[in-house]
Chemist: 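Just passing along the structure, written as structure tokens.
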Amino acid sequence: ASRVTRPIAQGRLPTTRSGGELFRVEWTPAAHAPDATDARMVTFIGEESVRAATHRALKTIQSWLADENSTGQRLTIVTQGAVATRVDEPVTDLPGAAVWGLVKSAQTEHPDRFTLVDTDDPAELPADAHHPEPQTAIRDGKPLVPRLTRRPAPPETACLTAGGTVLITGATGTLGTHLA
């Protein structure tokens with residue numbers, strides 16, 4: 001095995017103002033309220049297993065896409081407790097969280113055909129509600145939507161000095177062994 005490197009000009013490396021910024025998803029109040037629509041709603045609330053919920057969701061998605069009468073309409077899939085909108089909020093519906101991942105993949109392949117709604121109280125969700133956003137979380141009756149926000153990079157607190165000890169994990173491959 002061998003390692004090959006090539007030099008890169010310093011000017012070709014991307015830079016940021018603070019030396020490195022991170023991004024995170026924040027749930028912010030929705031700009032638009034839900035509006036009535038004829039889209040069908042499917043609820044994944046209950047004691048289903050992850051496998052059963054994702055299989056049911058996949059079958060529903062495939063049927064929706066195959067049905068010529070659903071062309072131009074959105075299928076809204078509702079969960080309860082499948083996403084956390086705050087750091088301290090627990091995800092209580094693991095099958096619903098898996099369904100969110102599945103539907104988000106379907107959304108990339110079929111834009112404007114699926115809507116995900118997670119609620120903390122299904123009684124507050126109107127049966128004919130449609131949210132214009134691909135993903136919405138209803139908390140205390142208010143719609144929240146995910147937005148990518150900039151977060152400053154943490155301060156650099158660690159530095160390597162000659163003679164110090166460094167722990168390298170996952171270094172059992174060729175490159176890691178060479179680095180170690």
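Positions are given from 1 along the sequence. Keep in mind that the numbers below use all heavy atoms, side chains included, and drop hydrogens, waters and symmetry copies.
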Chemist: Using the rule that Ile, Leu, Val, Met, Phe, Trp and Tyr join whenever any side-chain heavy atoms are under 4.5 Å apart, tell me whether W100 and W64 fall into a single cluster.
Modeler: yes

Chemist: Any side-chain heavy atom of E133 within less than 4.5 Å of one from Q135?
Modeler: no

Chemist: In Å and rounded to the nearest 0.5 Å, what is the CZ to OG1 distance from R24 to T149?
Modeler: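 If we round to the nearest 0.5 Å, R24:CZ and T149:OG1 are 5.0 Å apart.
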
Chemist: Same cluster for V145 and V103 if Ile/Leu/Val/Met/Phe/Trp/Tyr side chains link at under 4.5 Å?
Modeler: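 In one cluster with V145: V103, no.
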
Chemist: Closest approach of T85 and A137, non-hydrogen atoms and distance?
Modeler: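 Shortest heavy-atom contact: CG2-CB, 3.5 Å.
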
Chemist: Suppose clustering is done on Ile, Leu, Val, Met, Phe, Trp and Tyr with side-chain heavy atoms closer than 4.5 Å. Which residues sit in the same group as V50?
Modeler: none

Chemist: Apply side chain to side chain contact (heavy atoms under 4.5 Å, CB included) to L58 and list each qualifying residue two or more places apart in sequence or on a separate chain.
Modeler: Q62, L102

Chemist: So which heavy atom on T136 is nearest to which on W27, and how close?
Modeler: C-CZ3, 4.1 Å

Chemist: So, the side chain of Q107 versus the backbone of P134: is there a donor-acceptor pair under 3.5 Å, distance only?
Modeler: yes

Chemist: Would you kindly say whether R147 and T28 are connected by a side-chain donor-acceptor distance under 3.5 Å?
Modeler: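 Absent: no donor and acceptor within the cut-off.
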
Chemist: Hey, are K142 and D140 close enough for a salt bridge, meaning a charged N less than 4.0 Å from a carboxylate O?
Modeler: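 No.
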
Chemist: According to a 4.5 Å side-chain heavy-atom criterion applied to Ile, Leu, Val, Met, Phe, Trp and Tyr, with indirect links allowed, do V25 and V83 form part of one hydrophobic cluster?
Modeler: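 Yes, it is one cluster - the side chains of V25 and V83 are joined through contacts under 4.5 Å.
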
Chemist: For a quick test of reading the model, state the closest non-hydrogen atom pair linking P111 to T108 and the distance between them.
Modeler: CD-O, 4.1 Å

Chemist: Supply the atom-to-atom distance L148 CG to E26 CD, rounded to the nearest 0.5 angstrom.
Modeler: 9.5 Å

Chemist: Nearest 0.5 angstrom please: L94 CG to T79 OG1, how far?
Modeler: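 Spacing of CG (L94) from OG1 (T79) equals 11.5 Å.
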
Chemist: Which pair of heavy atoms, one from A97 and one from V91, lies closest together, and at what distance?
Modeler: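 Closest pair (atom of A97, atom of V91, distance): CB-CG1, 4.2 Å.
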
Chemist: For R139, enumerate each residue passing the side chain to side chain donor-acceptor pair (under 3.5 Å) test, keeping only those at least two apart in sequence or located in another chain.
Modeler: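 Partners of R139 under the side chain to side chain donor-acceptor pair (under 3.5 Å) test: E89, D118.
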
Chemist: With heavy-atom distances below 4.5 Å as the criterion, would you say the side chains of R113 and L75 are in contact?
Modeler: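 Side-chain contact under 4.5 Å: no.
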
Chemist: I'd like to know if the side chain of S49 reaches the main chain of A52, judged simply by a donor and an acceptor atom lying under 3.5 Å from each other, with no hydrogens or angles considered.
Modeler: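 Yes, the answer is positive, given that a donor and an acceptor are paired below the 3.5 Å cut-off.
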
